[in-house]
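Accompanying notes for the structure given below.
Per chain, numbering begins at 1; letters A, B, ... match sequence-line order. Computation of the quantities below employed the complete heavy-atom set of this structure, encompassing side-chain atoms and omitting hydrogens, waters and symmetry-equivalent molecules. Quick caveat, the model's predicted, so the values are computed rather than measured.
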Number of protein chains: 2
Amino acid sequence: MNRIDQWVKVLQENGCRITAPRRAIIQVLAESHRALQPNEVYELSRASYSGIGLVTVYRTLERLENLGLIQRVHREDGCHLLMPAANGHEHYLVCTGCGRTILFEGDDLGALFARIESGTGYRVSDHWLQLFGTCPECREMGQTHN
Amino acid sequence: MNRIDQWVKVLQENGCRITAPRRAIIQVLAESHRALQPNEVYELSRASYSGIGLVTVYRTLERLENLGLIQRVHREDGCHLLMPAANGHEHYLVCTGCGRTILFEGDDLGALFARIESGTGYRVSDHWLQLFGTCPECREMGQTHN
DNA sequence: CTTCTTATTGAAAAACATTTTCAATAATAT
DNA sequence: ATATTATTGAAAATGTTTTTCAATAAGAAG
Ligand SMILES: [Mn+2]
Ligand SMILES: [Mn+2]
Ligand SMILES: [Zn+2]
Ligand SMILES: [Zn+2]
């Protein structure tokens with residue numbers, strides 16, 4: 001079962017109606033390998049449903065985020081970019097060249113948390129880790145062009 | 001030498017003039033233990049310089065950020081909160097109750113980066129790590145009041 | 001201290017992003 | 001088929017950040 005069908009199913013299970021505008025938005029986001037701004041989602045969605053309104057994009061993004069299907073990706077300039085959500089304990093690695101974003105897991109911060117908790121009196125309940133770097137394609141281009 | 005004087009010095013060294021509005025803004029930010037929104041900086045600055053304009057706040061924030069004196073703190077809902085910048089390799093730990101933010105260091109992600117690089121072909125150049133939790137004061141209040 | 005240069009200021013307007021309102025439409029259950 | 005009601009897009013409202021511009025004042029120079 002592909003991601004689009006999964007998302008549609010989740011929406012249906014939560015009493016949402018499946019409409020043409022929503023299908024267009026879901027398709028754009030579910031298949032994107034980089035984080036998109038609301039405005040970009042709007043533009044790209046118009047390819048499959050030209051009559052779509054920007055308002056509907058915002059409303060659908062909110063739904064998808066609340067259902068845990070999409071997630072924010074932060075960047076230096078802003079934090080309103082959206083990507084298919086991570087599964088469980090995964091984090092994003094964002095290419096600073098082209099924006100292509102992949103997921104990774106396996107960070108082990110338990111020891112760090114323990115040390116911080118005993119040293120500061122704070123209790124650590126959540127962490128947010130995001131990596132930046134260069135994807136193979138961008139590095140290759142950089143080497144040949146610069 | 002306290003932080004306010006340090007910041008003033010850095011500004012002067014970079015050809016900036018020290019004005020009353022700037023002093024007000026610097027004082028607010030340099031002494032804050034939690035991240036502030038531009039609007040909050042504005043309100044708090046009016047205490048020491050009532051005639052200040054919001055525009056000046058935005059302009060000064062940009063300066064301070066460019067000079068590396070303040071830094072953004074990210075939160076679930078937004079990333080436009082500002083704090084005195086970390087020194088070197090430090091990260092923030094934000095209390096989700098009161099917003100009080102402290103710094104820590106000593107995260108060792110080298111092994112993780114190496115594994116990701118060899119596994120994905122990406123090169124990791126930068127990382128953002130931010131922790132969320134509860135400060136001692138908030139935890140105590142939570143226990144007695146709830 | 002006085003004069004000069006020019007960075008800085010605040011008001012107002014503009015630009016931009018996001019949310020609310022509302023009547024019309026269409027998805028879904030019956 | 002029909003009824004219910006979630007969803008839609010246009011328009012207006014809201015909130016945030018930036019730009020424009022003439023007046024001001026900080027700091028350098030004499
Ligand atoms: Mn993690
Ligand atoms: Mn680190
Ligand atoms: Zn890339
Ligand atoms: Zn707290």
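Summarising the geometry, the separation between CG on B:Asn14 and P on C:dA7 is reported as 14 Å, rounded to the nearest angstrom. Spacing between atom CG of A:Leu54 and atom P of D:dT14 amounts to 19 Å, rounded to whole angstrom units. The distance from atom CZ of B:Arg59 to atom P of C:dA11 is 11 Å, rounded to the nearest whole Å. Counting to the nearest Å, the C1' atom of D:dT16 and the CD atom of B:Glu43 are 14 Å from each other. In this entry the distance linking OH of A:Tyr58 with P of D:dA10 reads 16 Å, nearest Å. Put simply, OH on A:Tyr42 is 11 Å from C1' on D:dA10, counting in whole angstrom units. If you take CG of A:Leu61 and P of D:dT7, they are 15 Å apart, rounded to a whole angstrom. Atom CZ in A:Arg23 sits roughly 16 Å away from atom C1' in D:dA6 (whole-Å rounding).
For D:dA6, the OP1/OP2 oxygens have no side-chain nitrogen or oxygen of A:Arg63 closer than 4.0 Å.
Judged by closest nucleotide on DNA chain C, A:Asn39 is the one of A:Asn39 and A:Val55 placed further toward the 5' end. Mapping B:His80 and B:Gln12 onto DNA chain D by nearest heavy atom places B:His80 at the nucleotide closer to the 5' end. Toward the 5' end of DNA chain D, the nearer of the two residues B:Cys16 and B:Glu62, judged by each one's closest nucleotide, is B:Glu62. Nearest-nucleotide mapping onto DNA chain C: of A:Thr19 and B:Ile52, the residue sitting toward the 5' end is B:Ile52.
The aromatic rings of A:Phe104 and A:His91 sit tilted, their planes meeting at an angle between 30° and 60°.
For the pair A:Glu31 and A:Arg3, the salt-bridge criterion is not met [side-chain N within less than 4.0 Å of a carboxylate O]. A:Glu137 has no carboxylate O lying under 4.0 Å from a charged side-chain N of A:Arg100, or vice versa, which leaves the two without a salt bridge. Using a 4.0 Å cut-off between charged side-chain N and carboxylate O, A:Glu105 and B:Arg115 make no salt bridge.
Within the 4.0 angstrom heavy-atom criterion, only backbone atoms of the sugar-phosphate kind lie near B:Tyr49; the bases stay farther away. Here A:Arg22 lies in heavy-atom contact (under 4.0 Å) with sugar-phosphate atoms only.
Checking D:dG27, C:dT18, C:dT9 against every side-chain atom of B:Ile18, the shortest atom distance belongs to D:dG27.
Between A:His127 and A:His89, the distance separating the two ring centers is shorter than 6.0 angstrom.
With hydrogens and angles left out, the side chain of A:Arg17 and the base of D:dT5 share a donor-acceptor pair within 3.5 Å.
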